[in-house]
Amino acid sequence: MTTLQLCLVISSLLFCIGLVGALSRSHTILVLLGIELMLNAANMNFIAFWRFGASPTAATGVLFAIFSIAVAAAEAAVGLALVIAVYRHQKSVRLEEANRLKG
Amino acid sequence: MNLILVLIGGLMLTAAAVAMSLRNIIHSALLLIGSWLGVSFFYLWAGAEFVAFAQVLVYVGAVSMVVLFAVLLTRRDRQDVVVAPETRTRAISALLVGGSVAGLLVSAVLGTPLATGPAETPTLTVKDLGTLLAGPQAAGLLIAGVILTVALLGAVVLAATDSGKEDAS
C-alpha cells in the first residue's frame, strides 16, 4: 500500500463515519456534524492528491481545500441558524418531528 | 513516515467514531473538536501549513463554538443535552449502508493503480498562495467572500427573533 492509498483509505473511513452518523442519528445538530465530517474527508483527499499526485507543482488542491473550508463555514452557520429557527417553531430538534411546512 | 500518518488517522477516526456514538451531544461536539484537530495535523504532516491553520481557525475555533451555542440555545432544560436512543432498525440500516460504502471505497482505492509523483514535499509558501489568490484565482476569492457575506446575513435573518410580532406558535 502506498502512502497515497493510506491517506485515501483514512479519508474514506472518516467519510463513512460521518455518513453513518448522519444516517443513524435523528438529532439535527448531530446530522449536521456528520455532514461536516464528510466535508472534512473530501478536503483530506484534495490535500493527499496535491501532496502525492502526479503534478505537485500546481497548487490547485490547496486552493480548492481553502475555498471548500470557507464554504463549509458558511454552510455550518446557515445550518445551525436553521436549527434554531426550527426549534423556535416546533420546540424540538428531532428530525422526525419537523414535518410541518408552516409552524 | 507512514507510522505518523497511521497515528494521526487513528486519533481522528477514533474521536469521530466515539463522537458519533455518544448520547450526550456536548461530549460529541467536544470529541469532534479532537477529530478536526486530527485533520489539521494531517494537513501539517502533508506540508499544507496554511490549510492546517485555516482548519484550526475555522473548525476548531469557529464551527465548534457555533455548534456549542446551537446546542445550548435549543435545549428545554439542563438535562436536555442527552439525546434519546435511536431505533434499532435505523442504527442497523445506517451501519449497513456505511459499512458497504466503506468497503466499496476502500476496495476501489486499493484496487486502483494510482500515479504518484516525486516523493519530496512540494514547496508552497504563503506568498505563493497569496499571489495565486490575488491573481489567477481572484474571481474565486471574490465569490467566496460574497457567499460568506450572504450566508452570514441569511443566518442572522433566520435566527433573529421578531420581537415586534406575536409569536406564531
Side-chain angles (χ1 to χ4, degrees), chain A residues 1-10 12-21 23-27 29-30 33-34 36-37 40 43-44 47-48 50-57 59 62-63 65-67 69-71 73-74 76-78 80-85 87-89 91 93 103, chain B residues 1-2 5 9 12-13 16-17 20 25 28 32 35-36 39 42-43 46-48 51 54-55 58 62-63 66-67 70-71 73-74 83 86 90-91 94-95 97-98 101-102 105-106 109-110 114-118 121-122 124 128-129 132 137 140 144 147-148 151-152 154-155 158-159 168-169:
Chain A
M1 195 196 300
T2 61
T3 316
L4 174 59
Q5 280 175 329
L6 188 59
C7 291
L8 296 184
V9 166
I10 289 176
S12 308
L13 292 179
L14 189 67
F15 179 88
C16 292
I17 290 174
L19 184 67
V20 170
L23 287 177
S24 68
R25 312 304 296 264
S26 62
H27 195 285
I29 295 174
L30 280 172
L33 289 176
E36 290 289 334
L37 275 183
N40 266 300
N43 280 346
M44 281 177 64
I47 296 297
W50 165 76
R51 169 72 177 77
F52 298 105
S55 66
T57 45
V62 174
L63 284 171
I66 290 172
F67 285 134
I69 287 177
V71 174
V78 175
L80 291 165
L82 275 173
V83 171
I84 291 175
Y87 175 77
R88 200 181 315 126
H89 286 299
K91 294 283 172 260
V93 282
Chain B
M1 185 161 174
N2 279 355
L5 178 60
M12 188 192 323
L13 294 176
M20 281 294 141
I25 191 164
S28 295
L32 273 177
S35 183
W36 288 328
V39 176
F42 169 79
Y43 294 153
V51 187
Q55 170 87 9
V58 172
V63 173
V66 175
V67 167
V71 170
L73 285 174
T74 57
V83 187
E86 314 299 340
R90 187 176 179 132
L95 274 175
V97 171
V101 171
L105 283 176
V106 170
V109 163
L110 294 183
L114 291 159
T116 49
T121 314
L124 184 70
D128 296 338
L129 272 178
L132 277 170
Q137 310 289 338
I147 288 177
L148 276 175
L152 275 179
L158 276 173
S169 67

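Quick caveat, the model's predicted, so the values are computed rather than measured. Below, read A as the first sequence line, B as the second, and so on, with proteins coming before strands; counting in each chain starts at 1. Every heavy atom of this structure was used, including side-chain atoms; hydrogens, water molecules and symmetry mates were not.
To the nearest 0.5 Å, atoms CG (A/Leu37) and CG (B/Leu32) are separated by 5.0 Å. Taking CG from B/Leu5 and CG from A/Leu6, the interatomic distance works out to 4.5 Å, rounded to the nearest 0.5 Å. In this structure, A/Leu19 CG and B/Met20 CE are separated by 11.0 Å, a value rounded to the nearest 0.5 Å.
The residue among A/Cys7, A/Ser26, A/Ser12 with the most heavy atom pairs within less than 4.5 Å of chain B is A/Ser26. Each of B/Leu152, B/Asp128, B/Leu148 has some count of heavy-atom pairs under 4.5 Å with chain A, and the biggest count is that of B/Leu148. Of the listed residues (B/Leu158, B/Leu129, B/Ile147, B/Leu105), the greatest number of heavy-atom pairs within a distance under 4.5 Å of chain A belongs to B/Leu158. Highest contact tally toward chain A, considering only B/Ala62, B/Gly140, B/Ala91, B/Gly154, is held by B/Gly140 [criterion: heavy-atom pairs under 4.5 Å]. With respect to chain B, the highest number of heavy-atom pairs below 4.5 Å among A/Val71, A/Ile84, A/Leu33, A/Val83 belongs to A/Leu33. Most heavy-atom pairs under 4.5 Å with chain A: of the set B/Ala48, B/Ser28, B/Gly9, this distinction falls to B/Ala48.
For B/Leu132, the part sitting under 4.5 Å from any heavy atom of chain A is the side chain, from C-beta outward, and nothing else. For chain B, the nearby part of A/Val93 is the side chain; its heavy atoms alone come within less than 4.5 Å. Interface residue B/Val66: backbone and side-chain heavy atoms are both found under 4.5 Å from chain A. With a threshold of 4.5 angstrom between heavy atoms, A/Ile69 approaches chain B through its backbone and through its side chain.
The shortest non-hydrogen separation linking B/Leu73 to A/Tyr87 is O-CE2, 3.7 Å. A/Ile10 approaches B/Leu13 most closely through the heavy-atom pair O-CD2, 3.9 Å. Of all heavy-atom pairs spanning B/Ala155 and A/Ala77, the tightest one is CB-O, 3.9 Å. Across all their heavy atoms, B/Ala46 and A/Trp50 have their closest contact at O-CZ3, 3.7 Å. The shortest non-hydrogen separation linking B/Ala94 to A/Ser24 is CB-CB, 3.4 Å.
Contact of the B/Ser35 side chain with the A/Leu14 side chain is registered, since non-hydrogen atoms from C-beta on lie closer than 4.5 Å. Taking 4.5 Å as the limit, some side-chain heavy atom of B/Ile25 sits within range of a side-chain heavy atom of A/His27. Using a 4.5 Å cut-off on side-chain heavy atoms (C-beta onward), B/Val67 and A/Ile29 make contact.
The side chain to side chain contact (heavy atoms under 4.5 Å, CB included) check on A/Leu4 picks up A/Thr2, A/Leu8, A/Ala48, A/Phe49, A/Phe52, B/Leu114, B/Thr116, with sequence neighbours excluded. Contacts of B/Tyr43 classified as ring-ring contact (aromatic ring centres under 6.0 Å, His included), with partners at least two apart in sequence or in another chain: none.
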*Give the intermediate values and the outcome of side-chain contact (heavy atoms from CB on, under 4.5 Å) for residues B/Val39 and A/Asn43.*
CA-CA 9 Å; B/Val39 176; A/Asn43 280 346; 6.0 Å; no

*Full working for side-chain contact (heavy atoms from CB on, under 4.5 Å) between B/Trp36 and A/Asn40*: CA-CA 8 Å; B/Trp36 288 328; A/Asn40 266 300; 2.9 Å; yes

